[in-house]
Each structure stands twice: as structure tokens, then as C-alpha cells.
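In what follows, a structure is listed as C-alpha cells, so that the remarks can point back to it.
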Amino acid sequence: MNNKAITCKDLTKRFGDFFAVNHISFEVEQGEIFGFLGANGAGKTTAMRMLCGLSYPSSGEATVAGFNVFKQQEEIKKNIGYMSQKFSLYESLTVRENIRFYGGVYGLSDKQLKEKGDELIEKLGMQQEAKMMVGSLPLGWKQKLAFSVAIIHQPRIVFLDEPTGGVDPVTRRQFWDLIYDAAEQGITVFVTTHYMDEAEYCNRISIMVDGRIDALDTPANLRQQFGATSMNEVFYALARSAKRSAD
Amino acid sequence: MKQFMVFVRKEFYHVFRDRRTLLILFGLPIMQILLFGYALTTEIKNAEIIVVDHAGDAASQQLTTMITASKYFDINSSTASDQDIYKAFKQGKVKCAVVFPTGFGNDLLNGQVAQLQVIADASDPNTAKTLTNYITAIVADYQQQVNPTANIPMRIEPVTRMLYNPELNGSMNFVPGVMALVLMIICTTLTSVSIVREKEMGTMEILLVSPFKPVYVVLAKAVPYLALAMVDFVIILILSVLALEMPVRGNLVLLFFESTLFIISCLSLGLLISSVTRSQQTAMMVSMMGMMLPTILFTGFIFPLENMPLPLQLISNLLPSRWFYVIVKAVMLKGLGIGVVWKETLVLAGMTLVLLTISIKSFKTRLS
């Protein structure tokens, strides 16, 4: 048991001859916002799925919330939240029903569900919409709601897989306010993104190229290291060396 | 347990808020039962017939009246000539014709062999055969009436009794088959589509990342549909008793037990379909088309299994519906108990167990 939220050592996922994730090692501190960047096909999602217990690593070691990804998947699941790039609430359920369902699945009591639900709806300013079907809400609202639902059980770590895809800049900004909020409550945030301005919001970021982690540091240090003025330049400098085609 | 109930409740929300699901759930069984019960039967009623009466005596007229009175025939014309017969057949107006030769009644009274000609349109052999059988039966009836103590030496008189279904009511054969068909389609379609929908929407991933065990996901999906399928079964049962006059002679509890077994096997099949398909449309196609045809072909309620070549008979044994059909017929129509259908029940239970195990296994392995 250690205090790191996530530790990885030589974590690898092979599909036949293909190394989707090739011996990656890194650590994430509790309460940190950790950006996990990389071009499409670089292996971000595969790495994240291994950490969430959705797939077994081929080799290497990793712990999430202090639990071993090979042996203690059940414990890991209790301590993490997850939001995928696909929108992941039920469209034919109302806002409140979604909250009740996901909270219920994580074993919250009726009283907790009520309190948490009220708190969440108030925080998002959705009092009017609480009884509306989620399918009828605008995308930005859905994403914010999905994030809030993903951390309703106060997990130690929340994994966000391209959470802001297709959302307008204003909503993205609001979304990041929610992320900061969560981090202040001590929740570790592990986030993948395509938007380089979002990378700047992270405490530290790693950039994956062809299944390996080619850079890992704070945004400021990375800019300095690559002599770049923005994360965009850093990313291009690294992505240019990629051999895999982005699909 | 509470998590489980939360999940089940969510599943019911889905069902009752989706018109397409509701239609499949409640529209389909009602439509199928009525369709198969009323529209699609092998029985022929009110077939158009021509009678050409060259005799014009009491006997021929009495026979004509009997033919008219039966529910099987409608007289198209009783005053036709020989030429009219072929014209009517060519135009497709009639299916059958009866010709009384001159002296028909005389021959009969004088103890000679009285002949009458029955002509049928054999371009549809089954109908032709059925109609001529009806006529023969009516003639035999008449003969019995006019001459009850016919003194023919060496006479064999077969006394036929149609057990369980004296009126040869076609729907008796169909309804148990339609029950199997409807339950099969509803269960496989609804489970496979509802699971594939979660995959498509991305909610499945969230569930798999949650502490809710995959096995429970499967069970929580199955329980609501099991309950709904039971409701369907009750609807079908009530409809067939009230509208189609089906008897329920056997033990109702046994009937429910057997259908629960069958429903679980169908749900497992749906689960299996969901783990090999990626889109709701494919899942729907596979469950509806893929299941409907084999069920119709190999259950035995339309095409008798006994007449099939051996390889096809062997294939039919792999279908749970084939066994369920035999059981339902035995329990509903013949009033038999578990003592008679235990073998079929055992086969069905075995299949259910195997299907359930495979489907849960495949659901789990898909994850890693």
C-alpha cells in the first residue's frame, strides 16, 4: 500500500506482434490532475482500460489506488470513477433517475442518494431539468452531468477519456472548473484529451507516441525542454516522430 | 441486492418508455396468435363447389343438401352443365365439383352400385385431397342414413375417433407452436437489443468499470425480461383459451414451470446473440429473422418433423422450441403430467443450463 494514486512499471499490452502499449512507467500523486496525451492510436485508451480493470495487461506491473491491477480489480473498481469518450448516461432516464441509478450501482444508501442528488443538481444549476429526460439536454450539460455522476461515490481517482470531445469552448472551460473542484476535494484526475489548451490546465502531463511515453513533466517544464512557446508545439515535435498512422 | 434492484428498475424504465419495445412485447404476441389462429390454418372452410345433377331425384337432392349444409362447402351453382365445370375450374372459381349421373337414385335403391363423380382442382394437391375427403365422408354419412343395416357380407367398418381434438381444429396444433415462436422471438430480440444498446451508447463500459459484477449485469438484464415474458405467456394463454377455444387440460403450474424453463433458454440465446453483434439493428435482425425461420421450420407445428430427412430431424433436436412444443401440446391438449413429459423437460432443462452457462461465459470473456 502506498500513497500514490497510480503507479505503472513497464506496463505492456500486446496484441500478437503489435505493442499497443509498450513498457510504460509513471506515477500519479493523489489529488493530481494528470494529463494523458497522445495522437489517435498512440495507445492512450488501451493504457487507460488496463488501469480501470477493463482489460488485463500483457506484462508489467501497475497499482491503482494502491491495488494491484492483476489481482485486485474488484477493489480498484470501488475506488475509481470513469467517464468514457462516448456519452454515457441513459438518454431515456431523467437526470434524477440517472443519478439514482449510477449512485445505486456504487452502493450508495437512499439517504446518500437523495443528499448527493440534491447537491449535484444544485451545483450544476439543473433544478429545472431534474425531471427531464437526459436525451433532451444539450451536449455540454450532459457531459457535466456525466462527470458529476462519475464522481458521485467520491472515488480516489477518476478516469476521463476525452471528456470534452465535441463541446464548445465555454462549456469546456466550465467542465474544467468541475475538474478543479474535484481535485480540490482530493480526487485524482486522470484525463486524456486532444485539446492542447486543456493540457495546460493539468498539473503534469505525459505524451504517448507509438505506445511509449516520450515526455512526462509539468506543462511549463515541457515547454522549456522543447524550447516551445505552447503545448501545441511540444506535441507536434513529438508526434512528428510517430511511425504509426493515426487512424 | 439493492444494487440489483436499482438495475432492474432502470430496465423497466427502458421498456416502458420505448414504444418499439412495447410493440414487440405486447403487439407481437397478440398479432401472431390471431394471425396463426384465424388466418393461417390448414382447414378449408366454405370452399366453392359446383354440383351437376343429371339425376334430379330424391337421393341426389338429399345429398346436395347435406353438402350445402356442411360448413366446408358453399354451393356455387347447382344447376350447371358439364361444360360449366371446366369453365369454372379454369377461371379458378371453384375448387371442387360433384356430378350425379342419370339414374343415381335408382341405382342406389335397386341395390346396385351407385356412382357419383368428384372432381377437384389438384393444382393444389393438399386442398384437393382434403376436399375429396370431406365429400367422401358426407357420402358415407348419407349411405349410413338411408341404409343403416346394409347387409353386405364381410364388412369392415372403421370407427374413427379423433382424440383430444375431435373437431380437428387446426389451431390446436398451431397455438402451442405459436407460443414457442412468440416467446422465442420476444425473449431473444429484447435481451440482445437491450444489451447491444448499452454497448452502442457506451453505458456498458461504465457498468463494467463499476463494482457491479458482470454476472449481475447479465442477471439484472434477464430478470425484467423473464417477468415480462411471463406476462406475455399469460396473455397468449388467455387469448388462446378465449378466442381460439383452446383447452387447458393439464396442470397450470406445470405449464408455467415449463415455460419459465423455455423462456430462460431463449433469454440466454438472446444474450449469446448480444455478445457476437455490435449494433442494435444486427441484433434485431439476427434475433428476428435468424430465430424465426428455424423455429417455424423445425418446431414441428407447420411441417411435421417425422416426414423430414434424418439430418434435418437431428438438427431440429437442437432447438429448445421443438421440445417445448411437445411439452405444451401434451400438457395443454392431452392433460398429461410431468410423469409423461419428464424426458422432454429434462432435455429442455439441460439445454437451458448449457445455453445460460455459455452465454454468461461469453459475456465475461468479451471483457478482457
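None of these values were measured; they are calculated from a predicted model. So you know, we letter chains A, B, ... as the sequences are listed, proteins then strands, and number each from 1. Any value given below was found using the heavy atoms of this structure, including those in side chains, with hydrogens, waters and symmetry copies removed.
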Interface moiety of A/Leu51 toward chain B, non-hydrogen atoms closer than 4.5 Å:
neither
Please determine whether ring pair (Phe, Tyr, Trp, His ring centres under 6.0 Å) holds for the pair A/Tyr106 and B/Phe212, giving the CA-CA distance in whole Å, both sets of side-chain angles, and the decisive distance to 0.1 Å.
CA-CA 7 Å; A/Tyr106 277 94; B/Phe212 201 62; 9.8 Å; no
In terms of side-chain geometry, is the basic nitrogen of A/Glu97 or B/Arg17 positioned less than 4.0 Å from the acidic oxygen of its partner?
yes
Proximal component of A/Ile80, with respect to chain B [non-hydrogen, under 4.5 Å]:
side chain
Looking at every non-hydrogen atom in both residues, tell me the closest pair between B/Gln3 and A/Gly104 and how far apart they are.
CG-O, 3.1 Å
Answer yes if the ring centres of A/Phe101 and B/Tyr13 are under 6.0 angstrom apart, and no otherwise.
no
Minimum heavy-atom distance between B/Gly202 and A/Ser84, given as atom pair plus value:
O-OG, 4.3 Å
Side chain, backbone, both or neither of A/Tyr102 within contact of chain B (heavy atoms, under 4.5 Å)
side chain
Shortest non-hydrogen pair, A/Leu108 vs B/Lys2, comes out as O-NZ, 2.9 Å
Using modelled atom types only, decide if a donor and an acceptor are shared between the side chain of A/Lys77 and the backbone of B/Leu208 within a distance under 3.5 Å.
yes
Heavy-atom nearest pair, B/Val6 first then A/Val105, reads CG1-N, 4.4 Å
Within the supplied structure, the quantity of interest is the number of heavy atoms (other residues, nucleotides, ligands) at a distance under 6.0 Å from A/Gln127 CD; does it exceed 12?
yes
Are more than 12 heavy atoms from other residues, nucleotides or ligands located less than 6.0 Å from atom CZ of B/Phe4?
yes
Proximal component of B/Arg9, with respect to chain A [non-hydrogen, under 4.5 Å]
side chain
Of the backbone (N, CA, C, O) and the side chain (C-beta and beyond), which part of A/Ile76 lies under 4.5 Å from a heavy atom of chain B, both, or neither?
neither
Region of B/Glu200 that comes under 4.5 Å of a non-hydrogen atom in chain A
backbone
Assess the residue pair B/Glu205 and A/Asp161 against the criterion (side-chain contact (heavy atoms from CB on, under 4.5 Å)); give the C-alpha distance rounded to whole Å, side-chain angles, the decisive distance to 0.1 Å, and a yes or no.
CA-CA 12 Å; B/Glu205 267 196 336; A/Asp161 192 3; 6.0 Å; no
Scanning both residues in full, the closest heavy-atom pair of B/Met201 with A/Leu89 reads CE-O, 4.5 Å
What are the two closest heavy atoms between B/Ile206 and A/Met83, and how far apart are they?
CD1-CA, 4.2 Å
Under a 4.5 Å heavy-atom cut-off, does chain B meet the side chain of A/Met133, its backbone, both or neither?
side chain
Answer with side chain, backbone, both or neither: which region of A/Asn79 has an atom nearer than 4.5 Å to a non-hydrogen atom of chain B?
neither
